Amino acid sequence: MASTVEDVARRVGAVAGIPAVLAFDSVDSTNDALRRHVDAGPVAAGTVLLADEQTAGRGRHGREWHSARGLGLYLSWLVLPGGPVELLPRWTLLAAVAACVACRDAAGPAVEVKWPNDVVAGGRKLGGVLADLRTSGGASELILGIGLNVGHREHDIPPELRSRATSLALVRGDIMDRAGIAARLVTELLALGERLQRGDWDGVRASWTELASSAPSGRVRVLDRRSARGAWTGTVLGLDARGALRVRREPDGRELAVHDGESVVPI
Ligand code: BTN
């Protein structure tokens with residue numbers, strides 16, 4: 001039998017080290033709901049808020065995140081990271097690693113991370129991470145929202161997304177245990193978060209690189225929408241200290257940081 005949101009909350013709440021779990025039948029967006037809780041405060045760092053359904057789920061770049069009731073995992077995690085704002089993309093990559101590990105556990109090694117923070121299988125999207133950051137007086141408050149397609153059958157995915165999206169149930173051809181996947185996800189979030197707080201970015205980066213086996217590598221064409229650099233060609237060197245993709249540009253050999261939102265296509 002498919003797990004209810006109460007089952008999911010119970011399993012997540014049993015994860016060692018989790019300070020609190022807030023569970024809802026329906027919210028607009030778990031990121032927005034968690035932000036409201038923080039504003040009504042106090043909410044402990046590491047708190048998780050999850051919902052069975054989102055009526056206004058948000059994806060990256062202002063897109064909508066389709067969030068049908070009972071089928072996906074819609075979960076937000078509060079992080080109070082400390083340290084410089086420039087390093088915060090590390091946390092978003094970390095969340096993608098945790099999501100990928102949880103999905104691999106459920107559906108096997110076909111699941112990968114796609115740069116920067118998508119979770120995919122067979123080239124189709126299974127999940128993603130949306131980071132909402134607020135800074136005040138030098139302190140950062142980061143809400144990491146993770147969405148995973150778990151129990152969707154083909155007809156549960158909106159027709160316009162069917163060629164690009166999939167679910168764990170479709171990858172495995174089986175019913176998936178949302179509660180178990182959520183517990184694994186949160187266990188990984190806490191473990192990786194602790195590593196990052198200890199300063200082990202190299203370890204987190206190595207995990208990302210291992211899971212992102214189809215990440216752009218070798219020669220790529222970059223379409224830089226955020227700066228005046230336009231379209232250019234180069235060779236990928238890997239993730240840099242800030243979590244950006246470092247690419248050596250041709251022909252001048254300059255190493256440039258490529259950020260989320262820029263298109264990177266292998267050539
Ligand atoms: C993406 O576009 O890849 C990111 C999708 C993130 C969706 C999740 S679902 C839980 C959280 N709440 C939201 O409104 N969005 C994120």
Side-chain angles (χ1 to χ4, degrees), residues 5 8-9 12 21-39 43 46-79 88-89 91-100 102-103 111-121 123-134 141-152 156-158 160-161 163-168 176 178-179 181-182 185-186 188-189 208 211-212 214-215 225 243 259-264:
V5 72
V8 178
V12 170
V21 180
L22 306 164
F24 296 89
D25 254 4
S26 179
V27 294
D28 47 1
S29 148
T30 56
N31 276 24
D32 297 341
L34 184 51
R35 172 74 70 218
R36 289 192 293 273
H37 276 270
V38 170
D39 287 343
V43 176
T47 293
V48 165
L49 186 147
L50 55 89
D52 208 26
E53 165 193 69
Q54 296 184 117
T55 54
R58 295 189 285 112
R60 287 187 301 142
H61 311 303
R63 295 192 196 107
E64 178 193 351
W65 187 258
H66 181 73
S67 311
R69 177 182 288 277
L71 294 176
L73 271 177
Y74 318 116
L75 178 153
S76 297
W77 185 46
L78 177 65
V79 181
L88 295 184
W91 286 90
T92 319
L93 295 164
L94 171 161
V97 170
C100 185
C103 290
V111 182
E112 295 179 315
V113 173
K114 178 169 174 245
W115 187 80
N117 4 278
D118 284 351
V119 181
V120 300
R124 294 181 179 197
K125 188 151 165 165
L126 265 175
V129 181
L130 177 71
D132 284 320
L133 171 68
R134 189 160 69 178
E141 188 187 88
L142 185 62
I143 291 180
L144 290 172
I146 299 158
L148 295 177
N149 298 337
V150 179
H152 302 64
D156 296 315
I157 300 174
E160 67 280 12
L161 298 178
S163 61
R164 288 177 283 131
T166 189
S167 74
L168 291 171
M176 294 279 109
R178 261 192 327 165
I181 296 161
L185 166 64
V186 169
E188 285 299 317
L189 286 173
W208 186 93
L211 294 171
S214 313
R225 298 190 187 91
H259 299 275
D260 180 14
E262 297 164 26
S263 144
V264 183

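All figures in this text were calculated on a predicted structure; none of them were measured in a lab. For this chain, numbers begin at 1 and follow the sequence in order. In each ligand, atom 1 is the first atom listed, and ligand 1 is the first ligand listed.
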| Is D132 salt-bridged to R35, cutoff N-O under 4.0 Å? | no
| remark: Taken in chain and number order and not counting sequence neighbours, the residues that satisfy ring pair (Phe, Tyr, Trp, His ring centres under 6.0 Å) with H66 are none
| query | Listed by chain and number, what are the salt bridge (Lys or Arg N to Asp or Glu O under 4.0 Å) partners of K125, not counting sequence neighbours? | reply | D118
| field | Y74 (side chain) donor-acceptor with A68 (main chain) under 3.5 angstrom | value | yes
| Shortest non-hydrogen separation from E53 to T55 and the atoms involved | OE1-CG2, 4.1 Å
Report each N/O pair between ligand 1 and the protein that falls under 3.5 Å, naming both atoms.
{"unit_1": "ligand 1", "atom_1": "2 (O)", "unit_2": "R60", "atom_2": "N", "d": "2.7"}
{"unit_1": "ligand 1", "atom_1": "3 (O)", "unit_2": "K125", "atom_2": "NZ", "d": "2.5"}
{"unit_1": "ligand 1", "atom_1": "12 (N)", "unit_2": "T30", "atom_2": "OG1", "d": "3.1"}
{"unit_1": "ligand 1", "atom_1": "12 (N)", "unit_2": "Q54", "atom_2": "OE1", "d": "2.9"}
{"unit_1": "ligand 1", "atom_1": "14 (O)", "unit_2": "S29", "atom_2": "OG", "d": "2.8"}
{"unit_1": "ligand 1", "atom_1": "14 (O)", "unit_2": "Q54", "atom_2": "OE1", "d": "3.4"}
{"unit_1": "ligand 1", "atom_1": "14 (O)", "unit_2": "R58", "atom_2": "N", "d": "2.8"}
{"unit_1": "ligand 1", "atom_1": "15 (N)", "unit_2": "R58", "atom_2": "O", "d": "2.7"}

| query | salt bridge (Lys or Arg N to Asp or Glu O under 4.0 Å) with R36: which residues, sequence neighbours excluded? | reply | D28
